[in-house]
Number of protein chains: 2
Amino acid sequence: MTDEETLHNAGIRITAVRLMIWKQIRHGFNSVFSLYDLEEAMPTVDRSTLFRTLTLFSDAHLLHNVDDGSGSQKYCVCHHDDTRHCLGHVHLTCVKCHKTFCLNNVTIPPVTLPEGFIPEETEYVVKGICGHCSTKPH
Amino acid sequence: MTDEETLHNAGIRITAVRLMIWKQIRHGFNSVFSLYDLEEAMPTVDRSTLFRTLTLFSDAHLLHNVDDGSGSQKYCVCHHDDTRHCLGHVHLTCVKCHKTFCLNNVTIPPVTLPEGFIPEETEYVVKGICGHCSTKPH
DNA sequence: TGATATTTGCAACTGGGTTGCACTTTTATG
DNA sequence: CATAAAAGTGCAACCCAGTTGCAAATATCA
């Protein structure tokens with residue numbers, strides 16, 4: 001599936017800017033990224049446009065919002081091929097390099113919720129020191 | 001254990017303001033609270049003092065920092081009697097009333113982490129509609 | 001009691017996110 | 001193709017929660 005098809009299938013109108021942003025997201029980041037990361041990578045595009053485009057992609061379920069507890073909103077590409085909403089997966093946040101990684105293959109273990117609580121979304125974040133930072137102490 | 005003893009045992013110097021803040025936290029909130037909640041409840045104390053005191057209490061493990069994905073830092077009282085660091089427990093966030101609740105009796109189920117990753121803290125947040133909001137639709 | 005250290009309040013600043021509005025681009029229609 | 005309507009974009013300004021520098025107030029110690 002081409003990038004154009006991906007956007008089109010998600011019901012998103014294609015523009016030059018949006019295609020650029022999508023390609024950057026798709027091919028330019030290896031893990032979770034923030035609005036600030038995107039700003040750094042695409043200085044020619046205005047922050048508000050990036051912000052609105054991220055919101056658009058997120059609403060269209062092309063991206064998944066991640067709260068990693070860093071205080072700033074993070075995003076990652078949904079790797080599920082089906083049209084259903086992404087199921088939550090576990091995220092790791094490194095307290096040294098401040099990068100966040102998806103464990104795409106690890107689904108969140110369920111817990112028993114109190115009666116009457118209707119769950120919508122689950123976030124599971126492990127903070128610690130990532131393999132890269134733990135083997136190469138600075 | 002009196003409030004004075006609690007602070008003293010945590011290695012915190014006792015002042016009138018700190019004691020007031022601790023009593024408010026301990027007896028004035030029924031669940032997780034934010035800096036803003038504390039500001040509302042104690043308008044005579046300056047925000048920076050509240051902030052610094054929260055940080056102090058948190059460092060002394062009297063409070064537990066909670067990231068509920070709302071974008072603002074939340075805190076809850078550590079209910080563990082031992083001196084060890086609080087083990088993580090599950091939090092529920094209501095997307096309607098924006099309150100966050102602790103499931104003190106539910107510990108976070110572990111997941112298998114990639115080799116080399118050294119975990120320090122785990123956050124498990126379920127977003128949804130709480131019992132109160134789901135039974136009383138507005 | 002006077003000197004020193006700690007705490008507190010005020011004000012100002014930061015950073016990430018968000019919005020109003022004018023300008024530009026795209027799309028639809030005659 | 002011309003042109004009106006709709007949608008997208010950039011700029012600037014704003015908002016909010018959190019954070020910090022500094023001076024005044026308070027507590028501690030010799």
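Chain A is the first sequence line, chain B the second, and so forth, proteins listed ahead of strands; every chain is numbered from 1. Note: hydrogens, waters and symmetry copies are ignored here, and every other heavy atom, side chains too, is used. All figures in this text were calculated on a predicted structure; none of them were measured in a lab.
Every residue meeting the ring-ring contact (aromatic ring centres under 6.0 Å, His included) condition with A:F29, not counting sequence neighbours, appears here in chain and number order: A:F33. Residues satisfying the side chain to side chain donor-acceptor pair (under 3.5 Å) test with A:D59, not counting sequence neighbours, are none. Considering only residues two or more places apart in sequence or on other chains, A:R13 meets the salt bridge (Lys or Arg N to Asp or Glu O under 4.0 Å) condition with none of them. Here A:S58 pairs with A:N65 under the side chain to side chain donor-acceptor pair (under 3.5 Å) rule; sequence neighbours left out. By the side chain to side chain donor-acceptor pair (under 3.5 Å) test, A:K99 pairs with no residue at all, sequence neighbours left out. The ring-ring contact (aromatic ring centres under 6.0 Å, His included) search around B:F117 returns none, not counting sequence neighbours. A search for side chain to side chain donor-acceptor pair (under 3.5 Å) contacts involving A:D68 returns A:S70, A:K74, A:T100, not counting sequence neighbours.
No side-chain donor from either of A:D3 and A:T6 sits under 3.5 Å from a side-chain acceptor of the other.
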Only pairs under 3.5 Å count here: list side-chain donor-acceptor contacts from residues 122-130 of chain B, not counting sequence neighbours, and write none if there are none.
from, atom 1, to, atom 2, distance (Å)
B:Y124, OH, A:P109, O, 2.7
B:K127, NZ, A:D67, OD2, 2.6

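Counting 5' to 3', DNA chain C first comes under 4.0 angstrom of a heavy atom of chain B and last does so at the ends given by C:dT6 to C:dC10.
Screening residues 40-58 of chain B for salt bridge (Lys or Arg N to Asp or Glu O under 4.0 Å) gives B:E39-B:R47 as the qualifying pairs, with residues at least two apart or on separate chains.
Protein atom CG of B:L54 is 13 Å distant from nucleotide atom C1' of D:dT19, rounded to whole Å. Regarding A:L50, its CG atom lies at a distance of 13 Å from the C1' atom of D:dG8, rounded to whole Å.
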Is there any protein nitrogen or oxygen under 3.5 Å from a nitrogen or oxygen in nucleotides 24-30 of chain D, and what are the pairs?
none

Listed pairs, N/O of protein and of nucleotides 11-17 of chain D, under 3.5 Å:
from, atom 1, to, atom 2, distance (Å)
D:dC11, N4, A:S48, OG, 3.1

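Where B:F51 and A:V17 meet DNA chain D, the nucleotide closest to each residue was compared, and A:V17 sits on the side nearer the 5' end.
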